[in-house]
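Right, one structure below, let's go through it.
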Amino acid sequence: MKRTAGAVTVECVRGNITTQEDVDAVVNAANARLEPGGGVAGAIHRAAGPGLAEEAVPLGPINPGEAVITGGHGLPNRFVIHALGPVYGQDRPEAEFLSRLYRNALALAEENGASSVAFPTISTGIFGYPVEEAAEVALRTVREEAEGLSAVRLVRFVLFSERDLDAHERALSEAF
Ligand code: AR6
């Protein structure tokens with residue numbers, strides 16, 4: 001499913017964040033130390049190889065809502081944007097941290113001239129954020145940022161499960 005806002009296309013697809021060959025930047029659901037972990041971070045670091053942690057770890061630790069950028073190493077992407085989501089029930093107000101994360105990640109993509117960015121659903125795994133709520137925050141924030149973007153032309157949400165895809169498609173059609 002796709003929607004546009006001005007020159008920016010936003011789409012939701014089912015898939016794996018490590019195999020998005022046609023995008024400049026992929027976003028990692030990182031931990032504060034920017035080390036390989038489980039979930040998305042584990043998959044991204046495994047696919048990228050050890051050079052990714054060597055570059056990323058010295059840039060940490062980061063706080064919830066923050067993001068940093070590195071090269072893509074063994075991934076098919078020029079950049080990895082490492083973003084730390086809020087832990088649900090702990091980093092409050094969660095929606096503010098999550099919204100800030102999407103703004104910061106998009107700003108890094110802009111500054112580095114990335115024309116396409118792929119996000120997984122951040123905070124909704126180990127960090128416990130209900131996916132419907134997180135999807136609403138994510139799509140609303142992208143909608144708010146869209147008209148200020150000049151490099152980024154495609155924002156893709158890559159969802160692992162049918163349920164996550166449904167939640168994001170609903171949020172996409174509400175926000176756009
Ligand atoms: N592609 C797309 N989505 C995926 C993939 C993948 N390869 N793998 C998992 N997901 P999580 P968080 C989905 O837990 O909640 C790590 O250990 C997954 O099913 O990766 O922000 C870090 O080191 C879920 O829906 O991110 C941190 O400590 C979503 O991506 C912590 O987990 C996010 O799950 C971050 O937790």
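If you read the sequence from its start, that first residue is 1, and numbering goes on from there. Each ligand, and each atom within it, is numbered from 1 in the order the structure gives.
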Heavy-atom count around [X] [atom1] within 6.0 Å, excluding the residue itself: above 12?
X: R33; atom1: CZ; answer: no
X: R163; atom1: CZ; answer: no
X: E144; atom1: CD; answer: yes

Quick check against the 3.5 Å criterion: does Q20 have a side-chain atom that pairs as donor or acceptor with the backbone of N16?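 Side chain of Q20 to backbone of N16, a donor-acceptor pair under 3.5 Å: yes, one is there.
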
Do any N/O atoms on [X] end up under 3.5 angstrom from N/O atoms on ligand 1?
X: T18; value: no
X: P120; value: no
X: N16; value: yes
X: I122; value: no
X: V40; value: yes
X: A41; value: no

With heavy-atom distances below 4.0 Å as the criterion, list the atoms of ligand 1 near [X].
X: G38; result: 16 (C), 17 (O)
X: G37; result: 17 (O), 23 (O)
X: D164; result: 25 (O)
X: A43; result: 7 (N)

Nearest neighbour in protein (non-hydrogen) for [atom]:
atom: atom 33 (C) of ligand 1; answer: T121 O, 3.1 Å
atom: atom 14 (O) of ligand 1; answer: I126 N, 2.9 Å
atom: atom 8 (N) of ligand 1; answer: F160 CE2, 3.5 Å
atom: atom 23 (O) of ligand 1; answer: N31 ND2, 2.8 Å
atom: atom 1 (N) of ligand 1; answer: I17 N, 2.9 Å
atom: atom 22 (C) of ligand 1; answer: A29 O, 3.7 Å
atom: atom 34 (O) of ligand 1; answer: G125 CA, 3.4 Å
atom: atom 21 (O) of ligand 1; answer: S123 N, 2.8 Å

What closest approach, in Å, do [X] and [Y] show between heavy atoms, and which atom pair accounts for it?
X: L84; Y: A30; result: CD1-O, 3.3 Å
X: A29; Y: P120; result: N-CG, 4.4 Å
X: G85; Y: D91; result: O-OD2, 4.4 Å

Which word best sums up how the rings of Y102 and F157 line up, parallel for under 30°, tilted for 30 to 60°, or perpendicular for over 60°?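 Y102 vs F157 ring planes: tilted.
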
According to a 4.5 Å side-chain heavy-atom criterion applied to Ile, Leu, Val, Met, Phe, Trp and Tyr, with indirect links allowed, do V80 and I69 form part of one hydrophobic cluster?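 They do not share one cluster, since no chain of ILVMFWY contacts under 4.5 Å joins V80 to I69.
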
With a 4.5 Å cut-off on side-chain heavy-atom distances among I, L, V, M, F, W and Y, is there a chain of contacts connecting I122 to F97?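 No, separate clusters.
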
Are there protein heavy-atom neighbours of atom 16 (C) of ligand 1 below 4.0 Å?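 Yes, at least one protein heavy atom sits under 4.0 Å from atom 16 (C) of ligand 1.
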
For ligand 1, is any non-hydrogen atom under 4.0 Å from V131's backbone (N, CA, C, O), its side chain (CB onward), both, or neither?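 It is neither; nothing of V131 touches ligand 1.
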
A30, portion touching ligand 1 at heavy-atom distance under 4.0 Å: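 Backbone only.
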
Can you tell me if G85 contacts ligand 1 (heavy atom of the residue under 4.0 Å from the ligand)?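 G85: no contact with ligand 1 (<4.0 Å).
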
How long is the gap from CZ on F119 to CG on L159, to the nearest 0.5 Å?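 Between F119 CZ and L159 CG, I get 12.5 Å after rounding to 0.5 Å.
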
For T4 and T9, does a side-chain donor sit closer than 3.5 Å to a side-chain acceptor?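 No.
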
Residue pair T121 / D164, side-chain donor-acceptor N/O under 3.5 Å: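 Per modelled atom types, T121 and D164 side chains form no pair under 3.5 Å.
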
The one among F127, Y129, F119, Y88 that brings a heavy atom closest to atom 35 (C) of ligand 1: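 Among F127, Y129, F119, Y88, the closest heavy atom to atom 35 (C) of ligand 1 belongs to F127.
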
R156/D22 salt bridge by N-O under 4.0 Å criterion: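 The answer is yes: the pair qualifies as a salt bridge.
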
